[in-house]
Asks: 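Attaching a single structure in structure tokens format; questions to follow.
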Protein chains: 2
Amino acid sequence: MDKGTATNMFESLSSGIRLDIVRLLVRYGHEGLVAGELAETLELPRTNLSFHLKTLTQAGLLSVTQEGRYQRYRANLDAMRDLVAYLTENCCAAEADGCVLPVARNCAG
Amino acid sequence: MDKGTATNMFESLSSGIRLDIVRLLVRYGHEGLVAGELAETLELPRTNLSFHLKTLTQAGLLSVTQEGRYQRYRANLDAMRDLVAYLTENCCAAEADGCVLPVARNCAG
DNA sequence: ACAATATTTCAATCCTAATTGAATATTCGA
DNA sequence: TCGAATATTCAATTAGGATTGAAATATTGT
């Protein structure tokens, strides 16, 4: 992952609303949610939600597919993993210094 | 880690300059660097650097100690690990869905 | 074609971040 | 104490993100 991609993703995750969107979509996995469901769940005006969804999608953190007149959004788990890897590699590469990261578990919850 | 802390950290890492600062300081480990060394290495005006250092320190990603008239900055590796853990837990908790995160290595590399 | 639904784009406003030079502490060495 | 060095704070400007309602786009069902 290049630096620009990483900073775009970090910027996307720097908004509480967008972090909520991502966490919600991650919980829904491959099923995802359509825009209207997201707006209802998060109690956001549609235009505002649309703005944040666009930001997240452009950053690569979400994917979107059209289903008739609905837009279904899904979290991009590959991107998440890449971002975690980037953070691990670039921000924890010092001389041993007690730098032991937590081992990732499987995601059964 | 609470959501506000996480979003503050993500916002800090959303600037290319600040990401450079963090990566540089991580490489210097416990030794860290004083502000002047950072400014020279990154070729930044002192006031601008000071601004970004303050942002990073307030977000908890850096620590700073005074050494005479110098200010020595160090990356806060604990905070980095916490942020990676937050991202792993909150953004990779779906139903199995191929959600296998890379296992964190030791940081000798 | 028409009306209804779902979502985005547009335009305007507000708020906050980024950048810079000048001024202000604070510390060190002579 | 005085001058030099280090770094931050302040004030001003510029740029970009956040939010909202109205308008536009696209799809469905009749």
Side-chain angles (χ1 to χ4, degrees), chain A residues 3-25 28 31-76, chain B residues 3-25 28 31-76:
Chain A
K3 190 173 87 171
T5 303
T7 53
N8 283 342
M9 289 183 177
F10 287 134
E11 181 175 359
S12 281
L13 297 173
S14 72
S15 150
I17 289 178
R18 290 195 292 265
L19 191 51
D20 286 342
I21 293 171
V22 169
R23 292 197 297 182
L24 184 57
L25 285 177
Y28 276 81
E31 180 187 356
L33 289 172
V34 299
E37 293 171 331
L38 279 164
E40 253 187 56
T41 304
L42 299 173
E43 294 179 332
L44 286 173
R46 305 299 173 98
T47 57
N48 191 16
L49 176 66
S50 212
F51 168 78
H52 290 297
L53 288 174
K54 186 179 176 185
T55 299
L56 285 162
T57 304
Q58 286 179 340
L61 292 173
L62 302 186
S63 67
V64 56
T65 57
Q66 185 163 356
E67 291 185 1
R69 57 184 144 178
Y70 302 90
Q71 301 285 334
R72 182 167 298 273
Y73 286 89
R74 296 181 179 88
N76 184 350
Chain B
K3 191 173 85 171
T5 303
T7 53
N8 282 341
M9 288 183 178
F10 286 135
E11 181 175 359
S12 282
L13 297 174
S14 73
S15 151
I17 289 178
R18 289 196 292 266
L19 191 52
D20 287 341
I21 293 171
V22 168
R23 291 197 297 182
L24 185 57
L25 285 176
Y28 276 81
E31 180 187 357
L33 289 171
V34 299
E37 293 170 331
L38 279 164
E40 254 186 57
T41 303
L42 299 174
E43 295 179 332
L44 284 174
R46 305 300 174 97
T47 57
N48 191 16
L49 176 65
S50 215
F51 168 78
H52 290 297
L53 288 174
K54 187 179 175 185
T55 299
L56 285 163
T57 303
Q58 286 178 339
L61 291 173
L62 302 187
S63 66
V64 55
T65 57
Q66 185 163 357
E67 292 183 2
R69 58 185 142 174
Y70 301 89
Q71 301 285 337
R72 182 168 297 273
Y73 287 90
R74 295 181 179 89
N76 184 351

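A, B, ... follow the sequence lines: proteins, then strands. Residue 1 opens every chain. Just so it is clear, the values below take in all heavy atoms, side chains as well, and ignore hydrogens, waters and symmetry mates. For clarity, every value in this text was computed on a predicted model and none was experimentally measured.
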Asks: Send over the distance from A:L33 CG to C:dT7 C1', rounded to a whole Å.
Replies: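 One finds 15 Å between C1' of C:dT7 and CG of A:L33, rounded.
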Asks: Is there a donor-acceptor contact under 3.5 Å linking the side chains of B:T7 and A:R18?
Replies: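 No, A:R18 and B:T7 have no side-chain donor paired with an acceptor closer than 3.5 Å.
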Asks: Need one value for B:I17: base, sugar-phosphate or nothing, where a base atom within 4.0 Å counts as base even if backbone is also close, heavy atoms only.
Replies: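 Answer is sugar-phosphate: B:I17 comes under 4.0 Å of backbone atoms only.
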Asks: Between B:Y70 and A:E67, who's closer to the 5' end of DNA chain D by nearest nucleotide?
Replies: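 Looking at the nearest nucleotide for each, B:Y70 comes out on the 5' side.
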Asks: I need the CD-C1' distance between B:E40 and D:dA5, as an integer number of Å.
Replies: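 Spelled out: CD on B:E40 to C1' on D:dA5 is 13 Å.
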Asks: Take atom CG of B:L62 and atom P of D:dT8, then tell me their distance rounded to the nearest Å.
Replies: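 B:L62 atom CG is separated from D:dT8 atom P by 11 Å.
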Asks: Please round to the nearest 0.5 Å and tell me the distance separating atom CD1 of B:I21 and atom OH of B:Y73.
Replies: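 Between B:I21 CD1 and B:Y73 OH, I get 9.5 Å after rounding to 0.5 Å.
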Asks: Would you indicate what B:R72 reaches in the nucleic acid, counting non-hydrogen atoms under 4.0 angstrom: base, sugar-phosphate, or nothing?
Replies: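 No contact at all - B:R72 keeps every heavy atom at 4.0 Å or more from the nucleic acid.
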Asks: Specify the closest pair of heavy atoms between B:E37 and B:L33, including all atoms of both residues, with the distance to one decimal.
Replies: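 The answer is OE1-CD2, 3.2 Å.
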Asks: Output the rounded distance in Å from CG (B:L42) to C1' (D:dA7).
Replies: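 It works out to 16 Å between those atoms.
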Asks: Need to verify one output field. Residue with the more 5' nearest nucleotide on DNA chain D, A:Q66 or A:F51?
Replies: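 The residue closer to the strand's 5' end, by nearest nucleotide, is A:F51.
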Asks: May I ask you to verify if any side-chain N or O of B:R46 is less than 4.0 angstrom from the OP1 or OP2 atom of D:dA7?
Replies: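 Answer is yes, contact under 4.0 Å.
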Asks: Using only side-chain N and O atoms of A:N48, determine if any of them is under 4.0 Å from OP1 or OP2 of D:dA18.
Replies: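 The answer is no; no side-chain N or O of A:N48 sits under 4.0 Å from OP1 or OP2.
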Asks: Nearest to the side chain of A:L53 - C:dT8, C:dT9, D:dT8?
Replies: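 In terms of side-chain proximity for A:L53, the closest of C:dT8, C:dT9, D:dT8 is C:dT8.
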Asks: Grab the CD-C1' distance between A:E11 and C:dA18 for me, whole Å please.
Replies: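 Rounded to the whole Å, the gap is 13 Å.
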Asks: In whole angstrom, what separates A:L44's CG from D:dG21's P?
Replies: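 Rounded to the whole Å, the gap is 12 Å.
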Asks: Report yes if at least one side-chain N or O of A:Q71 is closer than 4.0 Å to OP1 or OP2 of C:dT8; otherwise report no.
Replies: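 No, no such contact exists.
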Asks: For A:L13 and D:dA18, give me the distance from atom CG to atom P, rounded to whole Å.
Replies: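 So the two atoms are 12 Å apart, to the nearest Å.
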Asks: Does B:R69 place a side-chain N or O at less than 4.0 Å from the phosphate oxygens OP1/OP2 of C:dG29?
Replies: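 For C:dG29, neither OP1 nor OP2 has a side-chain N or O of B:R69 closer than 4.0 Å.
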Asks: Given B:L61, which partner from the list B:L13, B:T55, B:N76 fulfils the side-chain contact (heavy atoms from CB on, under 4.5 Å) test?
Replies: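 Only one of B:L13, B:T55, B:N76 forms a side-chain contact (heavy atoms from CB on, under 4.5 Å) with B:L61, namely B:L13.
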Asks: What is the minimum heavy-atom distance between A:S15 and A:H52, and which atoms define it?
Replies: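 For A:S15 versus A:H52, the nearest heavy atoms are OG-CE1, 4.1 Å.
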Asks: Does the side chain of A:Y73 get closer than 4.0 angstrom to OP1 or OP2 of C:dA6 through an N or O atom?
Replies: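 Checking C:dA6 against A:Y73, no side-chain N or O comes under 4.0 Å of OP1 or OP2.
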Asks: Tell me the interatomic distance from A:L38, atom CG, to C:dT8, atom C1', rounded to whole angstroms.
Replies: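 My rounded result for the distance is 15 Å.
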Asks: Does D:dT19 have OP1 or OP2 sitting under 4.0 Å from an N or O in the side chain of A:H52?
Replies: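 Indeed, a polar side-chain atom of A:H52 lies that close.
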